[in-house]
Amino acid sequence: MSEPTTSIPLRPTGRRGPPEQQMQGHWLLATLGKRVLRPGGLALTRRLLQAAAPGAGDRIVEFGPGVGRTATVLLAAEPTTYVAVDPNPEGSAALTAVLARHPQARLEVRDAADTGLPTGQADLVVGEAMLSMHDQKTKDSIVAEAARLLGPGGRYAIHELERIEDAGTRSGAPVGGPGDPVSREISRTIKVGARPLTLQGWQTLLEAHGLEIVWTAHAPMRLLEPTRVFADEGVIGATRFFVNVARNKPARERVLAMRKSFRDNRAQLGAIAIVARRRA
Ligand SMILES: C[S@@+](CC[C@H](N)C(=O)[O-])C[C@H]1O[C@@H](n2cnc3c(N)ncnc32)[C@H](O)[C@@H]1O
């Protein structure tokens, strides 16, 4: 049975101009009907979850579930418990509609850096497209919290933006750190921090918190390419999304600007998925 689709409303941002021009990019896409808001799409999520192997008996925590698309996949594994942790209200109605049919699932309106959940009581923590939004200090706090929640051998599965250092990277320009020009440009168009790390940067971050990398995969960052939208949302969902974009001029301008900056930076930007295990 498919999960319910609850659309999320446009919210005034308090800034001047139409909300479509001001909202954080992922929430604008969600108001237009998009449910998959991570860089490697549903295909990379499926590979990640195959590697992390959620199963019956697992106690799962998901950081930053958005509108609940991955929650649907995780709950299909019938875990013992599923706790979504997200401090932001935008996706909560859609997420709550997904969780409503699963008595073992609940939402904690908390920051992933401080979940209030008990130590060592999770078997699997999942987070997609949420660490990349934050600066290094906050990334550290969130990963430390994931490590605290996991028992020894517990899995932490992440799917994030990868900063690729290629021949076109200007020599001397910072890569995947403060002042990275790619990060600055993407952040400006999506109107939220985009702070991807290199493969080495993600590995170092996880290992610094007692996590051992056991699996890694990469995919192109094609979030707004039509083929990817159809793959992620299905024919009906993708058609609805493109119709909504076509009907709304400020939203269309914004989506096209986001897609252009992703295309312009495609050699420097990818998606990465990692499963790490908490050391004993
Ligand atoms: C780009 S969306 C990704 C949503 C979903 N994971 C997906 O991939 O489709 C980022 C999500 O992370 C959440 N988020 C951002 N910072 C967070 C934090 N410190 N703790 C928990 N969730 C956070 C946002 O509210 C949002 O749900």
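It should be emphasised that the depicted structure is a prediction, and the values quoted were computed from it without experimental measurement. For reference, positions follow the sequence shown, starting with 1. Every number for a ligand or one of its atoms is a count from 1 in the order of the listing.
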Worksheet, complete the sentence: Closest to atom 16 (N) of ligand 1 by heavy-atom distance, out of H134, M130, K139, is H134
Worksheet item: Do I142 and ligand 1 have an N or O pair less than 3.5 Å apart?
Response: no
Discussion item. Applying a heavy-atom cut-off of 4.0 Å, say which part of E90 lies close to ligand 1: side chain, backbone, both or neither.
Written reply: neither
Practice prompt. For the pair R188 and E185, find out whether any cationic side-chain nitrogen is under 4.0 Å from an anionic carboxylate oxygen.
Written response: no
Item to complete: Supply the members, apart from L42, of the Ile/Leu/Val/Met/Phe/Trp/Tyr cluster built from side-chain contacts under 4.5 Å; use none for a lone residue.
Response: V36
Worksheet item: Looking at E225 and R263, does any basic side-chain N land under 4.0 Å from a carboxylate oxygen?
Response: yes
Practice prompt. From the options L161, D86, D114, L42, select the one whose nearest heavy atom is closest to atom 26 (C) of ligand 1.
Written response: D86
Discussion item. Against ligand 1, does R69 come closer than 4.0 Å with any heavy atom?
Written reply: no
Item to complete: Decide, yes or no, whether a salt bridge links E233 with K34 under the criterion of side-chain N to carboxylate O below 4.0 Å.
Response: yes
Tell me which donor-acceptor pairs under 3.5 Å the side chains of residues 272-280 have, and how far apart each pair is, sequence neighbours excluded?
| residue | atom | partner | partner atom | Å |
| --- | --- | --- | --- | --- |
| R277 | NH1 | G153 | O | 2.8 |
| R278 | NH1 | A147 | O | 3.4 |
| R278 | NH1 | L150 | O | 2.8 |

Worksheet item: Would you say ligand 1 has an N or O under 3.5 Å from any N or O of P65?
Response: no
Discussion item. Quick test of your reading of the structure: of P87, A71, A112, whose heavy atom lies closest to atom 22 (N) of ligand 1?
Written reply: P87
Discussion item. Taking 4.0 angstrom as the limit and counting only heavy atoms of V85, give me the atoms of ligand 1 inside it, by number and element.
Written reply: 21 (C), 22 (N)
Worksheet entry | Cluster overlap L44 with L49, hydrophobic side-chain contacts below 4.5 Å | no
Item to complete: Do me a favour and list the nearest non-hydrogen protein atom to atom 19 (N) of ligand 1 with residue, atom name and distance?
Response: D111 OD1, 3.1 Å
Practice prompt. Examine distances only and state if a side-chain atom of D123 and a backbone atom of D58 form a donor-acceptor pair shorter than 3.5 Å.
Written response: no
Worksheet entry | Option of least heavy-atom distance to atom 10 (C) of ligand 1 (set: A113, G41, G64, A129) | A129
Worksheet item: Is it true that R69 and D232 have a side-chain N and a carboxylate O under 4.0 angstrom from each other?
Response: no
Worksheet, complete the sentence: For T80 and R59 the tightest heavy-atom approach is CB-CG, 4.4 Å
Worksheet item: By number and element, which atoms of ligand 1 are closer than 4.0 Å to a non-hydrogen atom of M133?
Response: 10 (C), 15 (C)
Fill in: Atom indices of ligand 1, in the order listed, that fall short of 4.0 Å to a heavy atom of N88
14 (N), 15 (C), 24 (C), 25 (O)
Worksheet item: Which is it for V67 and ligand 1 at heavy atoms under 4.0 Å: side chain, backbone, both or neither?
Response: neither
Worksheet item: How does E128 reach ligand 1, by side chain, by backbone, by both or by neither, if only non-hydrogen atoms under 4.0 Å count?
Response: both
Fill in: Identity and separation of the nearest protein heavy atom to atom 2 (S) of ligand 1
H26 CD2, 3.5 Å
Worksheet item: Is the closest basic N to carboxylate O distance between E165 and R163 below 4.0 Å?
Response: no
Worksheet item: Does at least one non-hydrogen atom of G91 fall below 4.0 angstrom from an atom of ligand 1?
Response: no
